[in-house]
> 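Below are the structure tokens for one structure; questions will follow.
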There are 2 protein chains.
Amino acid sequence: MAEKKSEEFQGFGLDQHLCFAIYKANHAFNRFYKPVMKQLGITYPQYITLLALLEKDHQRVSELGERLFLESNTLTPLLKRLEEMGFIARERSKEDERQVIVSLTKEGRDLSDGVIDVQHCAFSNLNVPVETIGQLVEQLNDIQEMLTDAKEKVSG
Amino acid sequence: MAEKKSEEFQGFGLDQHLCFAIYKANHAFNRFYKPVMKQLGITYPQYITLLALLEKDHQRVSELGERLFLESNTLTPLLKRLEEMGFIARERSKEDERQVIVSLTKEGRDLSDGVIDVQHCAFSNLNVPVETIGQLVEQLNDIQEMLTDAKEKVSG
DNA sequence: TCAAACTAAATCGTACACGATTAATTCACG
DNA sequence: CGTGAATTAATCGTGTACGATTTAGTTTGA
């Protein structure tokens, strides 16, 4: 079964792989953002998390997780760090004690301006028209959805 | 300085961010590949590393690092695991004892077919024409380069 | 010649990421 | 009601990532 496929794909070096292109671009964003984030005192995943909370405050851990494609095993420690730094508050829901509600503190909301500066900085460093970025975002989202769907079909 | 920018960008939710689209797509690839990789007994970064070695065998750690945008602090343990599993060999260069040469073993090369199956699997699950993928790869590479260059200008 | 500067990989500490499990709470159904 | 199933976070173990430092080896220049 693995015999003949080689011929179709053998020529594909690392650079022709979409997964590698995405891997590299992700790395590049990470590294680009890292020093800027450092000035804000947070990491890149923490930044993404705060963005999600700026968009919608008072989310449950699992709600945030759906948004960010993460689960409690990753989020819980990350959120604890954000809490320790005073950017968010975590409290168990009164209605359902299983749930933990995550909210921005005033300090967390105040980070917003810095966060927006970061976006502006990345934006202005990309010599790419806004429409192109929009298209790219759409294409990437399509691919992400296809992979997510395919994964459910193939494994579980 | 951070006052007025808010207006330009305030509307940008998480979903409009290129960095988030890339982050999501990367996640999706990771999760899609993970179960397939598991059958091969390796992780996704290990897979990428093996791909790089299939492309060019007998690389130095730092050479591999340039290719994969990783450094010895990440690569050394990863390579040690691949060595323990018998897929690669690590040996110090005779000419320069500081360098460690990484080579594929027979077992490592034999993984190639499985690796190619994985590519085929991902490929056939993406309802996207090859040309579109090629374009995407180029665009992502451009963005990666711009960010890498910008990073050098801005920070270090 | 030989110490200082340089280089390559390894090591260390912290922070994600995720599969698997656990603990606490709520729900559902007899 | 009450107990078992389901749900929600938290915890644990392993494997990336990466900044900073360390160790070992090489090159350079006075």
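Chain letters run A, B, ... following the sequence lines, proteins first and then strands; every chain starts at 1.
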> Using only heavy-atom distances, determine whether the side chains of B:Thr148 and B:Gln144 contain a donor-acceptor pair under 3.5 Å.
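Yes - a donor-acceptor pair under 3.5 Å links their side chains.
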> Any link between A:Phe69 and A:Leu78 through a network of hydrophobic side chains (Ile, Leu, Val, Met, Phe, Trp, Tyr) touching at under 4.5 Å?
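Unlinked, A:Phe69 and A:Leu78 end up in two clusters.
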> With a non-hydrogen cut-off below 4.0 angstrom, is B:Ser62 in contact with a base, only sugar-phosphate, or nothing?
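If one applies the 4.0 Å heavy-atom cut-off, B:Ser62 turns out to touch the sugar-phosphate alone, with no base involved.
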> For A:Lys94 and A:Leu70, take the nucleotide of DNA chain C holding the closest heavy atom to each; which residue's nucleotide lies nearer the 5' end?
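That would be A:Leu70.
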> Which one, D:dT16, C:dA10, D:dA20, comes nearest to the side chain of A:Lys38?
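The nucleotide sitting nearest to the side chain is D:dA20.
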> With a 3.5 Å cut-off and just heavy-atom distances, do the side chain of A:Ser72 and the base of D:dA10 make a donor-acceptor pair?
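It does, because a donor-acceptor pair links the side chain of A:Ser72 to the base of D:dA10 below 3.5 Å.
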> So, is B:Arg92 close to the D:dT26 phosphate, meaning a side-chain N or O under 4.0 Å from OP1 or OP2?
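Negative; the distance criterion is not met.
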> So does B:Thr43 get a side-chain nitrogen or oxygen closer than 4.0 Å to the phosphate oxygens (OP1/OP2) of D:dT16?
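Yes, within the criterion.
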> Using the side-chain heavy atoms of A:Arg98, tell me which of these nucleotides is nearest: C:dT11, C:dC16, C:dT26.
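The answer is C:dT26, which lies nearest to the side chain.
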> Between A:Glu97 and A:Pro77, who's closer to the 5' end of DNA chain C by nearest nucleotide?
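The answer here is A:Pro77.
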> Between D:dA10 atom P and A:Glu91 atom CD, what is the distance in whole Å?
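Taking CD of A:Glu91 and P of D:dA10, I get 13 Å after rounding.
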> Just checking A:Glu95: base, sugar-phosphate only, or nothing, at a heavy-atom cut-off of under 4.0 Å?
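Sugar-phosphate, backbone atoms only, no base.
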> Quick check on D:dC18: is either OP1 or OP2 less than 4.0 Å from any side-chain nitrogen or oxygen of A:Arg31?
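For D:dC18, OP1/OP2 do have a side-chain N/O of A:Arg31 under 4.0 Å.
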> Can you tell me which nucleotide in C:dA10, C:dA17, D:dT11 comes closest to the side chain of A:Lys80?
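Within the option list, the nearest is D:dT11.
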> Using a heavy-atom cut-off of 4.0 Å across all strands, would you classify A:Leu75 as base, sugar-phosphate, or nothing?
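Nothing, no nucleic acid heavy atom in range.
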> To the nearest Å, how far apart are A:His27 NE2 and D:dT16 P?
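After rounding, the gap between these two atoms is 12 Å.
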> Closest nucleotide of DNA chain D for B:Asp96 versus for B:Gln46: which of these residues is on the 5' side?
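In this pair, the answer is B:Gln46.
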> Tell me whether the OP1 or OP2 atom of D:dA24 has a side-chain N or O from B:Gln99 closer than 4.0 Å.
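No, no such contact exists.
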> Heavy-atom distance under 4.5 Å between the side chains of A:Leu68 and B:Phe20, does that happen here?
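In contact.
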